[in-house]
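So the structure is just underneath, and the comments pick up after that.
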2 protein chains.
Amino acid sequence: MEPRWLTDDEMAAWLRLVAVVELLPGVLDGQLRRDAALTHFDYHVLAMLSEAPQRTLRMTELATRTNATLPRLSHVVRRLEERGLVERAPCPYDGRATNARLTADGWAKVRETAPGHLATVREHVFDALTPEQVSQLEAIAGAVLERLDPEGRVAVGIEAAARRRG
Amino acid sequence: MEPRWLTDDEMAAWLRLVAVVELLPGVLDGQLRRDAALTHFDYHVLAMLSEAPQRTLRMTELATRTNATLPRLSHVVRRLEERGLVERAPCPYDGRATNARLTADGWAKVRETAPGHLATVREHVFDALTPEQVSQLEAIAGAVLERLDPEGRVAVGIEAAARRRG
DNA sequence: GGTCATCGCTTGTAGCTACAAGCGACTGGG
DNA sequence: CCCAGTCGCTTGTAGCTACAAGCGATGACC
């Protein structure tokens, strides 16, 4: 294997991208853990449920939208269920499937947590960017995402979310 | 707290960015674990050492350049030392400090691992982007990085790396 | 030169994720 | 029917990271 090395521009972009990818999850986790005792992934799960019809989704579908493996989601949902934020019930139409549903407490949790999380996202990302850079970022992240996720598993979730928003 | 919600453009960019941030580490880890039994963070540590003078760095400096906490680095370097890729020695000038140095085996490991890693980076990131997008990405990631890392700890490492490259 | 705060690093514990194995439910061919 | 194969999900184990406490070395100050 004899690949071409990165150009200076590519290397500069790469070092910064790697730093962002390592730091951003920590910042998001930190704020949510302090203010709501939630992981960013926990929040993602609750948020996806909160936008679903009946605030209910099958585990497999929820795993797709949160971009998680099924074992990981299973552990996380079990912990959220122990805290009363989510409840699970077997699907009436398919005995193999499990439906996860947001409880009233879970719904309240999402609504009281969202503003702080949103403020963090603004502060650390969008306040630093011009409107032009926001659309550049959308194009860049979209292009990279296609390479990272060839089957479009995550993209499906994004499109579905966009559709629900009208 | 009454923040303004995200615009449609911002939301689209955000969903894609979150997906990239969650998927990219897994892809990098996966390739390196399969091909070299290394975490991406392990590789980052070895790579930073391989570029340093004498292939040696103090733990604190290495932590800055790899964007890690000191306890995390300590555990990782201990494991790398057990595998013979790195060795540690007390700093002769400051009895508190520890120098980490790449061994011959570690140097060989980096050289045989770099091409595959580089190919993965190209395949999943830069092959998807135009040259214009690469420089846009550098600007965007740089701007976000300033917000994520106000003291510029990581930025120092990046600048230092750039300086070494001339 | 004694005392105290700080530095640099290590170690211990708790919690989360990945991987693999396992279990019941469903489905299609004979 | 029955049986093999698959699906959907859960559970168990190993490994990594975060946080906090701890330890020796150093430097500032009197």
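Note that the coordinates shown come from a computational prediction; the quantities given were computed from them, not determined experimentally. Letters go in sequence order (proteins before strands), and every chain restarts at 1.
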Inset, instruction - Figure out the CD/C1' separation between B/Glu82 and C/dT10, and round it to whole Å. - result: 13 Å
Legend entry - Atom pair distance, as rounded to whole Å: CZ in A/Arg78 and P in C/dG15: 12 Å
Legend entry - Spacing of B/Glu61 atom CD relative to C/dG8 atom P, expressed in whole Å: 12 Å
Inset, instruction - Ignoring the backbone of B/Arg88, work out which of D/dG8, D/dT17, C/dT10 is nearest its side chain. - result: C/dT10
Legend entry - Pairwise 5' ranking along DNA chain D for B/Thr39 and A/Arg58, keeping only the more 5' one: A/Arg58
Inset, instruction - Give me the ring orientation class for A/His44 and A/His40: parallel if the planes are under 30° apart, tilted from 30 to 60°, perpendicular past 60°. - result: tilted
Inset, instruction - Would you name the heavy atoms of B/Ala47 and B/Val110 that are closest together and state the gap between them? - result: N-CG2, 4.5 Å
Contacts under 3.5 Å, N or O only, protein and nucleotides 25-29 of chain D:
from, atom 1, to, atom 2, distance (Å)
D/dT26, OP1, B/Gly95, N, 2.8

Legend entry - Candidate nucleotides D/dT10, C/dT11, D/dA18, ranked by approach to the side chain of B/Ser74 - the nearest: C/dT11
Inset, instruction - Provide, to the nearest angstrom, the distance between the CG atom belonging to B/Asp42 and the C1' atom belonging to D/dC16. - result: 10 Å
Legend entry - B/Gln54, CD: over 12 other non-hydrogen atoms inside 6.0 angstrom: no
Inset, instruction - Give the cluster check for B/Leu62 versus B/Tyr93: same hydrophobic cluster or not, with ILVMFWY residues linked at side-chain heavy-atom distances below 4.5 Å. - result: no
Inset, instruction - Measure distances between side-chain N and O atoms of A/His75 and base N and O atoms of C/dG15, and say whether any donor-acceptor pair falls under 3.5 Å. - result: no
Legend entry - Partner of B/Asn99 by side-chain contact (heavy atoms from CB on, under 4.5 Å), out of B/Arg88, B/Arg58, B/Glu61, B/Met59: B/Arg58
Legend entry - Selection from D/dA20, D/dT17, C/dC19 that lies nearest to any side-chain heavy atom of A/Pro71: C/dC19
Inset, instruction - Report yes if at least one side-chain N or O of A/Arg79 is closer than 4.0 Å to OP1 or OP2 of C/dC16; otherwise report no. - result: yes
Inset, instruction - Grab the two heavy atoms, one from A/Leu23 and one from B/Leu145, that are nearest each other, plus how far apart they are. - result: CD2-CD1, 4.1 Å
Inset, instruction - Could you state the atom-to-atom distance from CG of A/Leu38 to C1' of C/dG15 in whole Å? - result: 15 Å
Legend entry - Between C/dA18 (P) and B/Gln31 (CD): distance, integer Å: 18 Å
Legend entry - Interatomic distance, A/Met59 CE vs D/dG8 P [rounded to whole Å]: 13 Å
Inset, instruction - Look at the aromatic rings of B/Tyr43 and B/His117 and report parallel, tilted or perpendicular, splitting at 30° and 60°. - result: tilted
Inset, instruction - For B/Leu70 and D/dT17, give me the distance from atom CG to atom P, rounded to whole Å. - result: 14 Å
Inset, instruction - Would you mind telling me which residue lines up with the more 5' stretch of DNA chain C, A/Arg72 or B/Leu73, judged by nearest nucleotide? - result: B/Leu73
Inset, instruction - Could you check which of D/dT17, D/dT10, D/dA18 has an atom nearest any side-chain atom of B/Thr69? - result: D/dA18
